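What follows is a set of notes on a single structure, which appears directly below.
Model, not experiment: these values are computed from the prediction.
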There are 2 protein chains.
Amino acid sequence: MDSAAQSSPARQPTVKEVAKLAGVSPMTVSRTLAGGKNVRPEVQDRVLEAVHALGYYRNENARSIRPGQASGLIGVAITNLGNPYYGNFALGVEEVAAQYGRRIVLGNTGEDPGRERQLIADLIGRQVEGLIVVPTGDQATHLQPESLRGTPLVLASRSVTGVAADAVVLDDVGGAYRGTRTLLDAGHRRIGYLGNVTSVFTGRRRYEGYLRALEEAGIEVDPDLVRRGQQDVETASVAMRELMDLADPPTAVFSANNRNTIGALKEIGARLNSADGEVGALPAIVSFDDFELAEMMPVPVTVVDHDARELGREAARLLFDRLLGEAEPGRIREIEMPTQVRVVRA
Amino acid sequence: MDSAAQSSPARQPTVKEVAKLAGVSPMTVSRTLAGGKNVRPEVQDRVLEAVHALGYYRNENARSIRPGQASGLIGVAITNLGNPYYGNFALGVEEVAAQYGRRIVLGNTGEDPGRERQLIADLIGRQVEGLIVVPTGDQATHLQPESLRGTPLVLASRSVTGVAADAVVLDDVGGAYRGTRTLLDAGHRRIGYLGNVTSVFTGRRRYEGYLRALEEAGIEVDPDLVRRGQQDVETASVAMRELMDLADPPTAVFSANNRNTIGALKEIGARLNSADGEVGALPAIVSFDDFELAEMMPVPVTVVDHDARELGREAARLLFDRLLGEAEPGRIREIEMPTQVRVVRA
DNA sequence: CTGTTAGCGCGTTCAA
DNA sequence: TTGAACGCGCTAACAG
């Protein structure tokens, strides 16, 4: 409104100054702020008045250095905040953390193992009470209990072999299997695959589900129909273009994640909008990950749906079970969240 | 891998223990970790070895209680992490913060002023060096410099009257004006409006742009065509349904945000998919906020596009200008980010 | 180049 | 019911 429009560090009032203004000792201020146990009500009023007058905030950092005092912080490391999937995931984590009076410190790793290492080290230095990590890659050393100096860890969405931590992942194999099955049941025999490389946990598992469905149907995989490694919408479009330009193109495509799905559909749209008319038969799509406006697509669409927010909630629940000592100490829990196959447009 | 699968607080090694193991004083450890200035290289090696052996992490909280030592934390308060728009915004903030070696502490307000108040108080208690806030509502008291004890503040996406803080917002009025103009230019005369209530900053401004375009064209606003207050996709669909069911329905609709756009299009899709055939003319859509797969829609679509991530970056830049003392102390800066009208499908 | 002293803001412990 | 002393982990400032 007026004033010097916040600038400069602006010295921060401390308990001592509040105490002086209220005419009591720092201890009385501390006690009042802690709930007022064993402080005369009238004194409390004086203290709170002084707090208000000075705009005093308790220094949570100073507070947390004393042993036994927790920081109230949960560290969260995700790979890509710009992906709505992870935004919802973080929302779920935040929701449960708030219920337990904890705040989350969020970092983005951008799928870079180096940044992940650094981020986790920093979070530990900030005394987070626990960590929830969507791991990038398969490196396990920086996720070992020793490296984390015992900070409870929950892996989310992806697991890492060699890391003995609680984890909550999706039913990737089953979802991919059932998704691919719907294509087979519809009579498709040439089914393309768009997804992640197999060095990524989910990429590996979803491809496995795809394979399993094909094998069961007695179909041999055609390597020409498999495109892996596209991370974003643009490269996914290119991969889809290659599939559609094959001499013997697929009649349907299984897309293993949201980004590949959008890219594939954009390519379909591009062909539809190109004035050439004649586009021939367009492939049906099965998408692991739901997406908005799926029902508006010009081709048959089925999604393997799941709840990112609930995944976040569940990860947080696992963590708080540990923090509150309600989980069996020695036993690692791996939870698989269900996926639902939904025919959006036949 | 093995071990007691992280449990219990697990006592944390301190400088003292590292010092003892390395056979030096705590100060030497501190100096080594601070860059090694004035420490013999061989001693540094011993120290780092001990650090590694003990799994020592410097306690950033203890570090930051000392005056002059910054916390390295930037507080970010956003309204809805589940909205991809804000996810990208946060990503932009994080990106710039990382460049300056800062971490972000992220909180979700859920459009609840009470939670916003509480969140900001907590962030200040954690000694954040600065705040970036997407404000909920028009309450200004908790955003005053006194309440923030001088912590630099940047408002993003929305501004608040009566708060003298740097702000970065969108060209809401201009974008809405130009978006509506494309409809008028295409010959539309009955143009519906879906958007936020006018008590919300962006709701107010985007409606103003819509109004301005209509007035300029000599068209009087029909209150029946204006629906405000829908916050999510479901209620937006209902509002759209009401518009389309009017005796004299609009031939086009201006949607003031992403959520309303998706809801409106879903309603159009529902009518298209209902087997009744005969759906009559479908309204053209102009959407403030881009959305994926816009080119696949069965009706003409124009978007008023902008870059959420860049908005986040710009907000962070304003903040760091203040923190680094590179901004003129007394002067408030309000930046309007440009919007681009793009015809996706005529 | 290295160690000692002192103190950051707070809350536990003990004494009044 | 209140206060004084002490120490949490860390690092400037000042010896040495």
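- Counting only residues at least two apart or on different chains, no ring pair (Phe, Tyr, Trp, His ring centres under 6.0 Å) pair has a member in residues 101-133 of chain B.
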What does nucleotides 8-15 of chain D look like as a protein-contact string, B for base, S for sugar-phosphate only, - for none, at under 4.0 angstrom between heavy atoms?
BBBBBB--
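- At least one side-chain heavy atom of A:I124 sits under 4.5 Å from a side-chain heavy atom of A:L131.
- A salt bridge links A:R115 to B:E94: at least one charged side-chain nitrogen sits closer than 4.0 Å to a carboxylate oxygen.
- When the side-chain hydrogen bond (donor to acceptor under 3.5 Å, both in side chains) test is applied to B:D45, no partner is found at least two apart in sequence or on another chain.
- For DNA chain D, no neighbouring residue in residues 117-125 of chain B is found when judged by any heavy atom under 4.0 Å.
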Side-chain polar contacts of residues 18-40 of chain B - donor-acceptor pairs under 3.5 angstrom, sequence neighbours left out - could you list them?
unit_1: B:S25; atom_1: OG; unit_2: B:M27; atom_2: N; d: 3.4
unit_1: B:T32; atom_1: OG1; unit_2: B:T28; atom_2: O; d: 2.7

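- Applying the ring pair (Phe, Tyr, Trp, His ring centres under 6.0 Å) definition to pairs two or more places apart or across chains, those involving residues 89-119 of chain A are A:Y100-A:F320.
- Taking CG of A:L123 as the reference point, atom CD of B:E60 lies at 10.5 Å (rounded to 0.5 Å).
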Output the pairing pattern of DNA chain D as a dot-bracket string, 5' first, Watson-Crick or G-U wobble with both distances under 3.5 Å, | for cross-strand pairs, [ ] for crossing pairs.
||||||||||||||||
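- For residues 112-149 of chain A, no pair satisfies ring pair (Phe, Tyr, Trp, His ring centres under 6.0 Å), with sequence neighbours left out.
- Of the residues in residues 34-46 of chain A, those lying under 4.0 Å from DNA chain D by heavy-atom distance are A:N38, A:V39, A:R40, A:V43.
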Could you give the side-chain donor-acceptor pairs of residues 49-59 of chain A under 3.5 Å, partners two or more places apart or in another chain?
unit_1: A:Y57; atom_1: OH; unit_2: B:S147; atom_2: O; d: 2.5
unit_1: A:N59; atom_1: OD1; unit_2: A:N61; atom_2: N; d: 2.9
unit_1: A:N59; atom_1: OD1; unit_2: A:A62; atom_2: N; d: 3.0

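- Salt-bridge check for A:E111 with A:R158: passed, with a basic side-chain N closer than 4.0 Å to an acidic carboxylate O.
- Applying the salt bridge (charged side-chain N to carboxylate O under 4.0 Å, His left out) criterion to A:E314, with sequence neighbours excluded, gives A:R317.
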Distance-only donor-acceptor pairs under 3.5 Å for side chains of residues 70-79 of chain B, two or more places apart:
unit_1: B:S71; atom_1: OG; unit_2: B:L73; atom_2: N; d: 3.2
unit_1: B:S71; atom_1: OG; unit_2: B:Q127; atom_2: O; d: 2.6

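- Whole-Å rounding puts the B:K20 NZ to C:dT2 C1' distance at 20 Å.
- A distance of 12.5 Å separates OG in B:S157 from CD1 in B:I132, rounded to the nearest 0.5 Å.
- OP1 or OP2 of C:dG3 lies within a sub-4.0 Å distance of a side-chain N or O belonging to B:T28.
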